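To keep things clear, I will list the structure first and then write my remarks on it.
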Amino acid sequence: MEPLLPHYGSPPRVNDRRILSGIVHVLRRGCRWCGCPAEYGPYTTVYNRFNRWSRKGIWQSIYAALTLMP
């Protein structure tokens, strides 16, 4: 999935894998973004990354790639 995620120059970003896990946690649990455990990073970062990726169509690319996996 890493090639599907956008890459930005600076500042260094929080680990994408950790943020992705936080997004999945919130979506599966149905909790509020502020209820995201701190182990996934700041909840504002998790929320902002979800929103940004949604606007850019990143999630559709990820879902499409996952459905094509054997």
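The residues of the chain are indexed from 1 along the displayed sequence. Not measured: the values here are computed from a predicted model.
Expressed to the nearest 0.5 Å, how far CZ of R29 lies from SG of C36 amounts to 11.0 Å. In this structure, the separation between CZ on R49 and OG1 on T44 is 10.5 Å, given to the nearest 0.5 Å. Of the inter-residue distances, the one linking N48 atom CG with Y43 atom OH reads 10.0 Å to the nearest 0.5 angstrom. Atom OG1 of T45 is separated from atom CG of N15 by 12.0 Å, given to the nearest 0.5 angstrom.
The shortest heavy-atom contact between W59 and S54 is CD1-OG, 3.3 Å. Looking at every heavy atom in both residues, L27 comes nearest to F50 through CD1-CE1, 4.0 Å. Among all heavy-atom pairs drawn from V46 and G22, the shortest one is CG1-C, 3.8 Å. For G41 against R18, the heavy-atom pair with the smallest separation is CA-NH2, 3.7 Å.
W53 and V24 are not part of a single hydrophobic cluster, where members link through side-chain heavy atoms under 4.5 Å apart. Residues L20 and L66 fall within the same hydrophobic cluster, defined by Ile, Leu, Val, Met, Phe, Trp and Tyr side chains chained together at heavy-atom separations under 4.5 Å.
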Verify side-chain contact (heavy atoms from CB on, under 4.5 Å) between W33 and N51, making sure each step is shown before the conclusion.
-> CA-CA 11 Å; W33 292 104; N51 267 344; over 6 Å; no
